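This one's a predicted model, so the numbers in the text were calculated from it and none came from an experiment. The sequence lines fix the lettering, A, B, ..., with proteins before strands; numbering per chain opens at 1.
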Protein chains: 2
Amino acid sequence: MSLDTRAEILLKTLIERYIAEGQPVGSRTLARQAGLDLSSATVRNVMADLEDMGLVCSPHTSAGRIPTERGYRVFVDTLLKVKPLNLNELHKLEQELHADHDPQHLIENASHMLSEVCKLAGIVMTPRREEQLAFRHIDFVNLSNRRVLVILVTQDGQVHNRIIQADREYSPAELVQSANYFNATYSGVSMGDVKRALLKEIQQASDDMQRIMQAAVSMAREALSSEEQPDDLVVSGESNLMDFPELGDVRKLRKLFDAFTAKRDLLRLLDQSMRTGGVKIFIGQESGYDVLADCSVVTAPYSADGRIVGTLGVIGPTRMAYEQVISIVDITARLLGGALSSNEGSGRLESSGR
Amino acid sequence: MSLDTRAEILLKTLIERYIAEGQPVGSRTLARQAGLDLSSATVRNVMADLEDMGLVCSPHTSAGRIPTERGYRVFVDTLLKVKPLNLNELHKLEQELHADHDPQHLIENASHMLSEVCKLAGIVMTPRREEQLAFRHIDFVNLSNRRVLVILVTQDGQVHNRIIQADREYSPAELVQSANYFNATYSGVSMGDVKRALLKEIQQASDDMQRIMQAAVSMAREALSSEEQPDDLVVSGESNLMDFPELGDVRKLRKLFDAFTAKRDLLRLLDQSMRTGGVKIFIGQESGYDVLADCSVVTAPYSADGRIVGTLGVIGPTRMAYEQVISIVDITARLLGGALSSNEGSGRLESSGR
DNA sequence: GCTTGGCACTCGACCACAGGGAGTGCTAAA
DNA sequence: TTTAGCACTCCCTGTGGTCGAGTGCCAAGC
């Protein structure tokens with residue numbers, strides 16, 4: 001029950017045409033477009049077969065055919081030829097995702113670029129690598145009555161800050177002293193190891209350690225523990241989705257936008273696709289979330305220093321220009337990974353299968 | 001050509017009804033609703049007068065009346081009785097806008113709360129007070145080859161960070177030393193004064209100062225100067241606007257959402273209303289921006305430590321529940337101001353004219 | 001002089017209907 | 001196996017008719 005070449009060509013042409021125009025494709029148009037020198041009647045026969053296989057359907061009698069989700073699936077799996085993106089856009093991406101910027105900006109730029117270039121919504125999950133990321137610098141700043149601002153800098157230059165409630169008032173000198181202790185002791189140590197070391201310190205040294213150090217340790221611990229769930233999502237260009245008539249229903253849009261602000265489901269989806277290497281595509285229902293019913297999500301994990309730390313991608317209607325989107329997502333993931341890595345130059349452009 | 005009491009009552013009832021229902025109000029309904037014991041015919045006469053004055057209009061013959069922008073203006077200026085918000089919501093606001101959180105969170109919470117409680121889009125301009133805000137703490141962290149991360153903490157506990165390109169490599173000791181110098185010398189000094197002092201130092205001490213200090217000064221200066229234009233906007237709950245049928249046109253929505261991401265025009269509008277004290281209302285065209293044609297913007301400046309530092313507000317369709325929105329915006333501005341002030345407890349709830 | 005009932009009128013919303021067009025499925029011939 | 005032909009289906013659009021809500025105006029009433 002597999003497709004012969006002719007049926008493949010016709011399916012491919014149909015989907016390409018439908019992606020471009022957004023309207024059901026009739027047999028006549030298809031016959032002309034496919035370049036196969038077939039009559040429309042023959043095409044109709046093939047279409048009937050494709051419909052039996054569940055790859056295309058017609059919204060109503062006499063309305064031409066549109067691809068089903070399974071049709072899209074076959075298309076992206078076997079028919080589609082990924083289009084390399086043009087140099088202009090590549091340069092633009094490279095420029096925005098240069099290692100010079102700080103991580104937060106890089107994430108935002110990546111999301112923005114994805115949305116701009118694809119004309120869809122761009123999503124980037126913030127990198128998750130506390131465990132393997134090295135500690136670089138900590139700082140305690142007195143705010144007012146017992147409130148202490150803890151500033152934590154990780155190896156990649158990301159700055160996290162958080163206010164904690166101390167158990168007593170500390171003098172600036174005490175705070176400087178404890179910060180120095182941490183910076184001297186733990187600089188370069190991985191975050192996971194720092195946490196484990198702190199746990200040890202606090203239980204073994206309970207009496208013989210100066211009280212201030214104890215406090216510092218517990219403060220650092222508190223600050224670190226709150227960094228456990230910083231999984232966040234940067235979404236850009238949502239309004240691009242308003243241009244697609246198939247999502248034009250305001251209620252659908254509303255649900256979609258709410259999902260963007262809720263973030264929870266999207267995070268789970270991205271998390272899921274973090275485990276597999278390479279570009280992953282969820283078409284319609286495949287994502288498992290109702291809100292994304294008429295949408296496709298194209299994702300790719302990105303890595304920093306050789307380790308996968310997050311996922312990025314785009315969301316758009318199932319009718320999206322996969323050929324281009326796939327390579328854009330792929331390249332963006334690699335550029336972002338490269339920019340986030342400490343030794344710039346890695347993750348450049350050695351092409352790899354998707 | 002001013003309104004007599006009866007006309008006022010009718011206009012008020014009409015607008016209230018229209019705000020609640022969203023549909024043109026007919027003379028019959030109005031006569032019943034207003035509690036004036038008038039016949040519909042009389043109401044029709046009054047309506048004709050109001051239409052002559054440009055306060056109401058009908059979308060077409062035989063469709064009841066809806067308020068014009070001028071009608072809304074009269075309504076909010078003279079007819080409307082501000083509704084104090086219920087205790088439940090007040091508590092919710094107070095809880096979210098407590099001084100315990102760090103400034104960035106406070107801003108985001110405020111925006112989110114505004115959108116939640118009003119069911120509209122909430123906007124908060126980030127506080128602008130570098131000049132009068134005191135310097136508290138600075139820190140230099142080496143990243144890699146000449147890239148130095150500068151962390152700047154201001155009096156309110158806000159953490160700004162930025163990567164700068166140094167002119168040569170510095171040792172960690174040098175960086176610690178210079179940070180200490182700054183923290184000792186300038187702690188508590190206002191940002192404006194710090195800048196001025198730095199300018200002086202760098203030109204007078206050019207030879208006799210250690211080179212490292214020179215570098216530190218110029219680094220600090222660079223970091224400070226980039227903090228000049230941090231004017232930013234936090235928008236929440238945009239998707240609430242999709243629930244209003246009068247904004248249901250997808251193209252209009254698209255423009256509106258684009259304005260939210262572009263931020264420029266909105267910032268200008270908020271900036272403009274920063275100068276006047278109290279709640280300010282822009283109805284439709286009054287804002288001067290086409291995108292906001294069918295929208296109203298309700299804003300209020302908020303102050304920290306007795307000084308106005310920013311503006312917040314909501315955006316919704318002209319048909320919004322002004323009575324409640326006004327007091328919500330007012331209170332939120334005061335709560336945020338209080339939470340941002342160093343001496344908590346100020347800016348509580350002494351009522352003041354709007 | 002204001003208010004009111006009455007009446008003709010207007011206009012959108014809803015429905016039914018017909019014609020045109022695009023496209024299909026099926027059949028029979030090449 | 002492909003193709004031409006044909007009947008059929010269904011959407012889209014435009015037309016016309018009815019209904020109801022609401023208006024404007026006028027003449028009568030307080």
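Across C/dG23, D/dA4, D/dC10, the shortest atom-to-atom separation from the side chain of A/Ser39 is found for D/dA4. Between D/dC10, D/dG22, D/dT3, one nucleotide has an atom nearer to the side chain of A/Asn45 than all others, and that is D/dT3. For A/Ala41, the listed nucleotide lying nearest its side chain is D/dT3; candidates were D/dC10, C/dT3, D/dT3. Nearest nucleotide to the A/His60 side chain, out of D/dG22, D/dC11, D/dG24: D/dC11. Here the nucleotide nearest the side chain of B/Glu51, chosen from D/dG24, C/dT4, D/dT23, is D/dG24.
Salt-bridge annotation for A/Asp294 and A/Lys252: present, with a side-chain N of the basic residue lying under 4.0 Å from a carboxylate O of the acidic one. Comment: B/Lys12 engages B/Glu16 in a salt bridge, judged by a side-chain N to carboxylate O separation of less than 4.0 angstrom. Salt-bridge annotation for A/Lys92 and A/Glu116: absent, with no side-chain N of the basic residue lying under 4.0 Å from a carboxylate O of the acidic one.
When the P atom of C/dT4 is taken as reference, atom CG of B/Leu30 falls 14 Å away, rounded to whole Å. C/dT3 atom C1' lies 12 Å from atom CZ of B/Arg44, rounded to whole Å. For A/Leu38 and D/dT1, the CG to P distance is 14 Å, given to the nearest whole Å. Remark: P of C/dC2 and CG of B/Leu36 are 17 Å apart, rounded to the nearest angstrom. Spacing between atom CZ of B/Arg32 and atom P of D/dG22 amounts to 9 Å, rounded to whole angstrom units. Look at CG on A/Asp52: it is 10 Å from P on C/dG25, rounded to the nearest Å. Residue B/Arg28 contributes atom CZ, which lies 12 Å from atom C1' of C/dG5 at whole-angstrom precision. Spacing between atom CD1 of B/Ile66 and atom P of D/dT23 amounts to 13 Å, rounded to whole angstrom units.
For the 3.5 Å distance criterion, the side chains of A/Thr299 and A/Ser273 qualify, holding a donor opposite an acceptor.
OP1 or OP2 of D/dT23 has at least one side-chain nitrogen or oxygen of B/Arg65 nearer than 4.0 Å. Look at A/Ser27 and you won't find any side-chain N or O under 4.0 angstrom from OP1 or OP2 of C/dG23.
Between B/Pro59 and B/Arg6, the one whose closest nucleotide on DNA chain C sits nearer the 5' end is B/Arg6.
In terms of heavy-atom proximity, B/Leu14 sits nearest to B/Val25 at O-CG2, 3.9 Å.
Base contact: B/Ser62 has a heavy atom under 4.0 Å from a base atom.
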